[in-house]
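Worth saying up front: this structure is predicted, and the values here are computed from it rather than measured.
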Amino acid sequence: MSLNRYRLRHLAKQGHRGARLAENLLKDPGRLLGTILLGNNLVNNAAAAVATVIALKYFGEVAIAFATGLITLLILIFSEIPPKTYAATYPERIAFPAAYLLTGLIRLFSPVVKVVNMAGNGLLLLFGAKMKRESDSLSSDELRTVVQEAGEKITPSEREMLLQILELSKMTVDDVMVPRAEIEAIDIEDEWDEILNQLATSLHTRVPLFRGTLDNPIGVLHMRRVLQLIHREELTPQSLEASCEPVHYIPEETRLPQQLLALREERHQLGLVVDEYGDVIGLITVEEILEEIVGEFTRQTPGIDEDANLQEDGSYLIRGSANVRELNRNLGVNLPLVGAKTLNGLILDAFEDIPPVGTTLLLRGYPVEVVQTQGTSVTIARLTTDPVTTAREDKDES
């Protein structure tokens with residue numbers, strides 16, 4: 001009963017005969033326990049009877065109480081506490097050899113065990129107990145606990161990836177998408193020189209091509225095809241449109257695992273996220289989804305400022321458009337993930353207004369100072385990664 005069921009199943013699949021026998025025995029715990037307890041009680045009762053006979057024969061009725069105490073002590077020491085403690089500590093050492101013996105005993109005592117089990121189950125049903133066995137299947141939260149407690153059996157990096165995969169099931173595309181304001185795309189109606197400049201300076205392999213507005217996309221432009229057109233000296237607005245791949249649209253509330261499978265099956269690397277009205281609100285790539293599992297695996301592009309810049313005092317100057325989930329992962333903080341997806345959104349939600357420069361607030365205990373605003377948004381904020389616990393903050397969190 002102390003065996004790790006998942007390790008047992010693994011060993012049985014690997015061909016370990018003792019593990020296979022133990023697994024078969026555990027499939028019917030009622031029959032297994034009935035056989036064990038039948039043998040256990042036979043031996044204990046026989047020992048008690050022998051001790052009583054010996055006490056009466058040699059010492060008289062006065063010695064019966066002493067014999068009872070002595071045999072109880074002997075049974076506890078030699079057949080109960082130490083053996084079962086050892087077996088619970090090293091279950092595989094005991095269970096696998098014992099499985100051979102118990103398999104034979106189950107066959108031998110099968111008729112008696114069936115009768116005893118029928119009587120016992122009938123008594124349980126009389127008290128309203130249901131005899132249906134609970135499933136061994138694990139929920140995602142239970143599996144997360146198993147992974148966290150795996151200890152040295154898996155490396156920290158493997159544990160982190162497994163936990164991220166489990167976390168992925170709770171996330172939707174709008175948690176990791178590039179927001180509309182930050183999408184790098186090409187308007188086919190721009191001046192040709194401007195389009196050529198965008199093509200030459202693009203930092204991405206694939207770029208959306210649209211007409212007039214991002215809500216009117218033409219397709220996804222692959223830079224490899226642009227190079228082919230340049231090589232053939234056929235690069236024109238018309239050839240750009242003709243070389244585009246079809247746009248893959250993604251509803252904003254789609255879960256990430258589902259969308260990853262869809263992108264793989266349809267062989268798309270990029271998709272445009274749309275809201276309930278069909279307006280484009282963001283962009284997501286396979287790379288963005290995979291980074292939620294393995295972390296950042298691309299270097300920061302030269303010439304592009306990072307969202308968070310470390311200051312001499314240990315604080316960070318952070319862009320308001322920085323993704324909250326990425327900040328949590330990269331800075332080791334625990335900002336709230338429910339609701340707003342960006343730091344600017346968290347600040348505006350907290351104030352329900354545009355806060356003036358210099359305003360400071362606590363987000364999950366982390367001091368955040370508004371450094372710069374522009375129009376209706378906070379563009380730069382200072383975050384201190386050392387949380388501050390106050391009675392007011394504790395009350396807000398509760």
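Placement of L383 and L310 within a single hydrophobic cluster is found when ILVMFWY residues are connected by side-chain heavy-atom separations under 4.5 Å, directly or transitively. Follow the hydrophobic side-chain contacts under 4.5 Å out from L229 and you reach I186 in the same cluster. L76 is not connected to L42 by any chain of hydrophobic side-chain contacts under 4.5 Å among Ile, Leu, Val, Met, Phe, Trp and Tyr, and they are in different clusters. A continuous path of Ile, Leu, Val, Met, Phe, Trp and Tyr side chains, each step under 4.5 Å between heavy atoms, connects I250 with M171, placing both in one hydrophobic cluster. The same ILVMFWY cluster, assembled from side-chain heavy atoms under 4.5 Å apart, contains both I188 and V226.
Donor-acceptor pairing under 3.5 Å is lacking for the side chains of N344 and T342.
With rounding to the nearest 0.5 angstrom, the OG1 atom of T52 is 10.5 Å from the CG atom of N45. Summarising the geometry, atom CZ belonging to R225 is positioned 12.5 Å from atom CG belonging to L227; distances are rounded to the nearest 0.5 Å. Interatomic distance, E80 CD to L74 CG, rounded to the nearest 0.5 Å: 12.0 Å. Between atom CZ of residue R211 and atom CD of residue E241 there is a gap of 4.5 Å, rounded to the nearest 0.5 Å. Interatomic distance, CZ of F210 versus CG of N216, reported as 9.5 Å (0.5 Å rounding). Rounding to the nearest 0.5 angstrom, the gap separating the OG1 atom in T201 from the CG atom in L203 is 7.0 Å.
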> So I94 and Y90, side-chain contact (heavy atoms from CB on, under 4.5 Å) or not? Walk me through it.
Replying inline: CA-CA 7 Å; I94 303 300; Y90 305 101; 5.6 Å; no
>> Evaluate H10 against K13 for side-chain contact (heavy atoms from CB on, under 4.5 Å), listing each step before the verdict.
In response: CA-CA 5 Å; H10 170 71; K13 290 180 179 179; 5.8 Å; no
> After noting the C-alpha distance and the side-chain angles of T103 and L25, does the key distance pass the side-chain contact (heavy atoms from CB on, under 4.5 Å) rule?
Replying inline: CA-CA 7 Å; T103 300; L25 291 174; 4.0 Å; yes
> Where do Q228 and H222 land on the side-chain hydrogen bond (donor to acceptor under 3.5 Å, both in side chains) test, with the steps shown first?
Replying inline: CA-CA 10 Å; Q228 292 171 351; H222 198 301; over 6 Å; no
>> Using side-chain contact (heavy atoms from CB on, under 4.5 Å), reason through L38 and V116 one step at a time and then give a plain yes or no.
In response: CA-CA 9 Å; L38 178 64; V116 173; 5.5 Å; no
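Formation of a donor-acceptor pair under 3.5 Å by the T384 side chain with backbone atoms of D386 is not found in this model. Put simply, the side chain of E253 never gets that close to the backbone of P251: no donor and acceptor are under 3.5 Å apart. In terms of modelled atom types and a separation under 3.5 Å, the side chain of N197 and the main chain of D193 share no donor-acceptor contact. Between the side chain of N41 and the backbone N or O of L37 there is at least one donor-acceptor pair closer than 3.5 Å. Between the D187 side chain and the G212 main chain, a donor and an acceptor come within less than 3.5 Å of each other. Under the 3.5 Å distance criterion, the side-chain polar atoms of S202 are left unmatched by any main-chain donor or acceptor of Q198. The backbone N or O of D279 sits nowhere less than 3.5 Å from a side-chain atom of D215 that would complete a donor-acceptor pair. One N or O on the side chain of R180 and one on the backbone of V280 form a donor-acceptor pair closer than 3.5 Å. Between the side chain of R364 and the backbone N or O of N334, at least one donor-acceptor pair lies under 3.5 Å. Using a distance-only test at 3.5 Å, with no hydrogens or angles considered, a donor-acceptor pair links the side chain of N328 to the main chain of L335.
Listed here is the closest heavy atom pair of G18 and Y100: N-OH, 3.7 Å. Looking at every heavy atom in both residues, L11 comes nearest to A19 through CB-CB, 3.7 Å. Between E252 and V273 the shortest heavy-atom distance is CA-CG1, 3.6 Å. Closest heavy-atom contact between V324 and P336: CG1-O, 3.5 Å. Shown here for P91 and S2, the closest heavy-atom pair between the two residues is CG-O, 3.9 Å. Between T254 and Q259, the closest heavy-atom pair is CG2-NE2, 3.4 Å.
The side-chain heavy atoms of H204 and L221, taken from C-beta on, include no pair separated by under 4.5 Å. Side-chain contact between I347 and L343 is present, with at least one heavy-atom pair separated by less than 4.5 Å. No side-chain heavy atom of Q269 sits less than 4.5 Å from a side-chain heavy atom of T285. With a 4.5 Å cut-off on side-chain heavy atoms, L283 and E184 do not count as touching. Residues L256 and V173 have side chains in contact (heavy-atom distance under 4.5 Å, counting atoms from C-beta outward). Side-chain contact between E92 and L3: present, with at least one pair of heavy atoms (C-beta onward) separated by less than 4.5 Å. The closest side-chain heavy-atom distance from R382 to D313 is below 4.5 Å. Counting only heavy atoms from C-beta outward, the side chains of P367 and L362 approach each other to under 4.5 Å.
Ring geometry for F96 versus H16: interplanar angle of 30 to 60°, hence tilted.
The number of heavy atoms from other shown groups lying within 6.0 Å of CZ (R232) is above 12. No more than 12 heavy atoms of other residues, nucleotides or ligands sit less than 6.0 Å from atom CD of E352. Within a 6.0 Å sphere centred on CZ of F66, other residues, nucleotides and ligands contribute 12 heavy atoms or fewer.
K27 and E23 are not joined by a salt bridge, as no carboxylate oxygen comes within less than 4.0 angstrom of a charged side-chain nitrogen.
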